[in-house]
Trainee: 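So that we are looking at the same thing, I have put the structure below in structure tokens.
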Amino acid sequence: MSRAWRSTLIATAIALSACQSGPPSTPEANILIGSDLPISGFFGDAPPAMQAIQLAVEQHPMIGRFRLGYLSLDDAVAGVATPEKGIQNVSQMIDDSRVLGVVGPWVSYLARDEIPETNQVPLAMISSSTTNSCLTRSVPACYDRAGKLRPTGSNNFFRIAPPDLVQGAAMADYLTRTLHNSRVAAINEWGDDGALYLDSFATELARDGGQLVFSQQINPGATQFGGFLAEASRRGAQVIYALGDADSQICVVRLQMSPDLLFAGTDGFTNTTACIKQAGGNANGMVGTLGDVDATLSGSPAAMKAVRDYHRRFPRTNMHGFSTFGTYDCALILIDAMQRAVDANNGGIPTRRQVLDALAQTKGFVGATGTYTFKSSGDATAPLMTIYKVVDGKWAFQSQVDLSSAQG
């Protein structure tokens, strides 16, 4: 998950964690899928994600002649996903030889600590929500952090979530090719992290015939943007691209700018009610990227079946959350890799290395949220991505983005 905390779902997190601590244990299982999620924390999306993994395992109770089970571990301490607890969970999974793969972690800062531990085993990990670019990318701004996370020199971490910088490329494509706006001014409250988005955005924008005419860094929480907007207007900007969080009032920019300009952004505020409130009467027309695909809006047969199966299995769950079905796809991808590893091992229980190798070779896996093939870095060639727009005062799905040609 990126910068946004999805604060509107905190109440759901509390309600769900109060009535469940995890799926039933499966001591008789021969093979386990593990997960490391903040299921008792303030991430309201984590409990539905746990349920999605449980559903995938229940739908595939056997891999070959071996019983599959699910080991769900909680990395939240006092409501917050905590690296020390994450490392403890990973150690527990490493010590249980039945665990052949892990779904998670949920947040990028835990992944930075957990990948080096699992890399040395090696134990395969796959995530639907960790988006920090430096987990997999070797761009100069990352200072080869991706390489340092892999002490063995080989990769064991995969994700279907888009690296943050890819959101920049996706928005540049959308602005130029769909909305036909080519001159953009950007405001960045995320410092070096925002610069990764912006570099990717500017590169893709130029490739599509557009131009980043002006950019300015600001301090988080700034609320006066008159100087920036005046300079953007002087340089002929048609779009204001904002790299910031609704939690720090970044959408106040929209309230102060001309309604003739387009306001665009990232998952820092996309699909949040806080942004709409900050923008006031100027909210309509705002657009943003989100590193997730809502399976209920996809329309594909796989998506419709997944949604139907999920709500049939968990009828008392009134909603699914961010990346529920992305997490479901991660579990299915891992199960598919385990099945292929069993087949390649002449029907025997595979090693962790064999499962990892099978996961790396995943090609064209059709899931509820997309079709997935992995690059050697661990990134999906076409990761999760959706464009949303504010229509009649509410965020509305616009399109699912194919990022295979815009990888930042």
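Positions are given from 1 along the sequence.
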Trainee: Could you tell me if the ring centre of F365 sits under 6.0 Å from that of Y372?
Mentor: no
Trainee: Are D392 and K394 within salt-bridge range, i.e. N to O under 4.0 Å?
Mentor: no
Trainee: Closer than 4.0 angstrom, basic N to acidic O: yes or no for R177 and D173?
Mentor: yes
Trainee: What residue among E58, Q59, Q51 forms side chain to side chain donor-acceptor pair (under 3.5 Å) with R313?
Mentor: E58
Trainee: Heavy-atom count check: over 12 atoms from other residues, nucleotides or ligands less than 6.0 Å from D95 CG?
Mentor: yes
Trainee: Side chains of D336 and I333: does their closest heavy-atom pair fall under 4.5 Å?
Mentor: no
Trainee: Give a yes or no on whether a salt bridge exists between D74 and K85, defined as a side-chain N under 4.0 angstrom from a carboxylate O.
Mentor: no
Trainee: When you compare the side chain of D75 with that of Q88, does any pair of heavy atoms fall below 4.5 Å?
Mentor: no
Trainee: Got L196 and W190 here, is their nearest side-chain heavy-atom distance under 4.5 Å?
Mentor: no
Trainee: Do NZ/NE/NH1/NH2 and the carboxylate oxygens of D309 and K305 come within less than 4.0 Å?
Mentor: yes
Trainee: Tell me, do T130 and S108 make a side-chain contact under 4.5 Å, heavy atoms counted?
Mentor: yes
Trainee: Report yes if the side chains of Y328 and L55 come closer than 4.5 Å at any heavy-atom pair, otherwise no.
Mentor: yes
